[in-house]
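Note that ligands are numbered from 1 as they come in the structure, with each ligand's atoms numbered from 1 the same way. This is a predicted model, so every value here is computed, not measured.
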Amino acid sequence: MTERNDPHTSCRSADVVVLGAGPAGLVLGVLLHAAGIDCLILERASRARVQTRARAGFLAPNTVRILDRYGLAGGLHRDGRRHGACEFRTQDGRFRLDYGTLGQGGRHHVYPQQNLVTDLLTHYLDIGGRIRFHTDALAVHDADSARPSVTTREPDGRSIRWNARYVAGCDGRHGAARRSLRPGTARYHHHDHGVTWLGLLAETPPSLDAVGYAVHGRGFAGHMARTADVTRYYLQWQRGAPADAWPEQRLWDELDLRMRAADHGPLQRGRLLERGVFDLTCDVVEPLRHGSLLLAGDAASLLAPAAAKGANLAVLEAEILAEALADALLRGDTAGLDAYSDRCLAHIWRAQEFTGWMTRLLHAPPEGSPGAGAGPHFQAGLQRSRLNSLRTSRIHQDWFAENYVGV
Ligand code: APR
C-alpha cells in the first residue's frame, strides 16, 4: 500500500479544506473535486489506519443511490450483499420482519465501512484529489470571516497554516472543528442512553440470514452480518467493565444464552478479531454552519449504533454540503449554504428519534438510571409490550421498515 502525502505543500491553500477522511470527508472530497473545486483533505491518521478501521456496514437505499450517482458504488455492488430481514428473539419466542417487503420496500447493502472508505479514497486519488495523511488539524481560525484557515501539526512536527474559503469539519466528535466553535455560538445536545455494549468482530460466517436482536433478562445481544467470513456480535455490557473482562469461551456461551441458541439453533463460533466497549451516547450540534466552517458526519451529530444510521447520515450530509459549496463557489449562490444546517438537522433529529426508539426497544433502562421510572419490572413490561406490538401490528411493522432503511 503506497502512502504519499500531497506534494504541493508550498501552495498551502485550497478553496475548501476538509478535515477528516472518513465517509463524510471522502464523499465530500470526491464530489467537490468532480465539480472542479480545489479541495484538500487533512487526515490525522495513516492511510493504512483509515482503510482498516472496522466500523459500520449497513448502507441504506438512499446512500447507495448517492454513491451510484457519482460512480462510487462499484465495490459494494460487486462484494456487498443485499439484506432485508431482522429477527427478534424474546421471552415470547422469535419473530422475523422482512423489512424489504414492508413499508416502502427498501433493503440495505451490507458492505464493511472500511471497504467503502478504501473505495472512496482510491477513487479520490485516481481523479487527482489532494490529501495529506498524518496531519493533525489543531484549530480552525477566523470562521466568521471569508478567509478562514486551519493550523495543523505536520508529520515532521512543524505547524502549518492552510488558507481556505470554506472549511468542512468532517473530523468526528473529538475533532478540531467542534473544538474551534466560538463559545456561546453552538448548542450541544448530549444524551446518554444509559446502556453500554461490548462489540465483537468474529472470524465466522453469519449464523442467521437476518440481523438478530435478542432481548433477554441478562441483557441485549445482537448479530449483524459483515462478510461471508466475518460477523459482528454485540453484548449489553456492564458500564465501566473492561472489554477483556471475560475470556472468549464465556462470551460465546453468553451469546448462546441470550440469543437462545438452544431453542433457535447454534451460533457458529470463531476467533474473535476485535473487541471494544462503548457507551450508547448521542449528541447533536446546532447549528451546523458557523460562517465559513460547516460540520458534517459525526462532527455534526453522533448516533448510537442501534439503528446503523451514522454512516448513512454522513454520506447524505456530504452530498448536500457539496452541492451547497459548488453553488457558492462556482455560481456565487449561497442559498444552499444558508439552508444547509436546517436541512441536515431535520434528517439528524429524525434519525436520533428512531435510534432512541430502537434503543428503548432493545433495552429496558438499567435499574437506578433516571429513565428507569417505576422500576425494572415496569420497564420490562413496557419493553415487552413494544415488542409485541411490533410482532402483531402491520402498521407498526410498516413504520419500522420505513424508518429502519430511511435517513
Ligand atoms: N485532524 C485531522 N483528522 C482528524 C482529526 C484532526 N484533528 N480528528 C479526527 N480526524 C479524522 C479521523 O482520523 C477520521 O479518519 O477524521 C476522520 C473522521 O472519520 P469518521 O470517524 O469515520 O467520521 P465520519 O466521516 O463523520 O463518518 C461518520 O461512520 O461508522 C460511522 O460511527 C461512524 O457514524 C459514523 C460515520
Side-chain angles (χ1 to χ4, degrees), residues 5-6 17-31 40-60 63 67 110-118 120-121 124 131-140 150-155 159-160 162 167-181 197 199 201 224 226 232 234 276 278-285 288 293-322 344 347-348 351-352 355 407:
N5 266 335
D6 165 63
V17 170
V18 178
L19 310 183
L26 286 167
V27 169
L28 181 62
V30 169
L31 269 53
L40 170 68
I41 301 179
L42 303 175
E43 167 58 52
R44 178 168 59 187
S46 66
R47 179 173 181 180
R49 173 87 186 113
V50 164
Q51 293 189 171
T52 51
R53 213 165 18 195
R55 299 180 76 183
F58 273 65
L59 300 174
T63 308
L67 297 171
V110 182
Y111 189 56
Q113 186 166 314
Q114 66 273 29
N115 296 15
L116 176 65
V117 163
T118 301
L120 293 171
L121 183 54
Y124 181 69
I131 183 164
R132 294 177 60 80
F133 295 101
H134 303 287
T135 301
D136 193 5
L138 301 175
V140 181
V150 178
T151 42
T152 55
R153 189 182 304 109
E154 298 294 301
S159 179
I160 290 189
W162 303 88
V167 177
C170 304
D171 52 349
R173 180 188 211 174
H174 302 293
R178 274 197 186 191
R179 279 201 309 273
S180 304
L181 300 181
W197 279 7
L201 206 58
M224 278 150 221
R226 281 292 179 268
R232 222 190 217 307
Y234 293 107
F278 49 95
D279 298 335
L280 270 63
T281 62
C282 57
D283 62 30
V284 181
V285 177
L288 304 182
L293 169 62
L294 299 115
L295 306 181
D298 275 9
S301 174
L302 186 82
L303 284 112
K309 297 283 183 212
N312 293 294
L313 266 183
V315 171
L316 175 67
E317 290 158 15
E319 187 192 38
I320 295 174
L321 183 53
C344 290
H347 293 290
I348 286 172
Q352 289 286 9
T355 301
V407 270

Using a strict cut-off of 4.0 Å, indicate which atoms of ligand 1 neighbour a heavy atom of [X].
{"X": "Thr135", "answer": "1 (N), 2 (C)"}
{"X": "Gly22", "answer": "17 (C), 19 (O), 22 (O), 25 (O)"}
{"X": "Leu42", "answer": "2 (C), 3 (N)"}
{"X": "Ala24", "answer": "25 (O), 26 (O)"}
{"X": "Asp136", "answer": "1 (N), 6 (C), 7 (N)"}
{"X": "Gly297", "answer": "26 (O)"}

To which of [options] does the heavy atom nearest [atom] belong?
{"atom": "atom 18 (C) of ligand 1", "options": "Ala177, Gly20, Cys170", "answer": "Cys170"}
{"atom": "atom 32 (O) of ligand 1", "options": "Arg49, Arg55, Arg173, Arg44", "answer": "Arg55"}
{"atom": "atom 26 (O) of ligand 1", "options": "Val18, Asp298, Leu120", "answer": "Asp298"}

| note | min-distance protein heavy atom vs atom 10 (N) of ligand 1 -> Asp171 CB, 3.8 Å
| Tell me, which protein residue and heavy-atom name are nearest atom 13 (O) of ligand 1, and how many Å apart are they? |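 Answer for atom 13 (O) of ligand 1: Glu43 OE2, 2.6 Å.
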| said: I'd like to know if Arg53 contacts ligand 1, where contact means a heavy-atom distance under 4.0 Å to any ligand atom. | reply: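 Arg53: in contact with ligand 1 (<4.0 Å).
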| request: Could you tell me whether some N/O pair between Gly175 and ligand 1 is separated by less than 3.5 angstrom? | output: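 No, Gly175 has no N/O under 3.5 Å of an N/O on ligand 1.
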| field | Set of residues satisfying side chain to side chain donor-acceptor pair (under 3.5 Å) with respect to Asp283, sequence neighbours excluded | value | Arg173, Arg178
| task | To the nearest 0.5 Å, tell me how far Leu321 CG sits from Leu28 CG. | result |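 Here the interatomic distance stands at 5.0 Å.
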| remark: Contacts of Phe58 meeting ring pair (Phe, Tyr, Trp, His ring centres under 6.0 Å) (sequence neighbours excluded), chain-then-number -> His83, His108
| task | Considering non-hydrogen atoms only, spot the tightest contact between Gly169 and Leu293 and give its length. | result |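 Shortest heavy-atom contact: N-CD1, 4.1 Å.
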| request: Can you see which heavy atom on Gln113 is nearest to which on Pro23, and at what distance? | output: NE2-CG, 3.4 Å
| request: State whether a side-chain donor-acceptor pair under 3.5 Å links Glu154 with Ser159. | output: no
| If only atom types and distance count, is the side chain of Thr355 paired as donor or acceptor with the main-chain N or O of Ala351 below 3.5 Å? |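 Judged by distance alone, yes, a pair lies under 3.5 Å.
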| query | Which one of Leu42, Leu121, Val50 satisfies the side chain to side chain contact (heavy atoms under 4.5 Å, CB included) criterion with Ile131? | reply |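 Among the candidates, only Leu121 passes.
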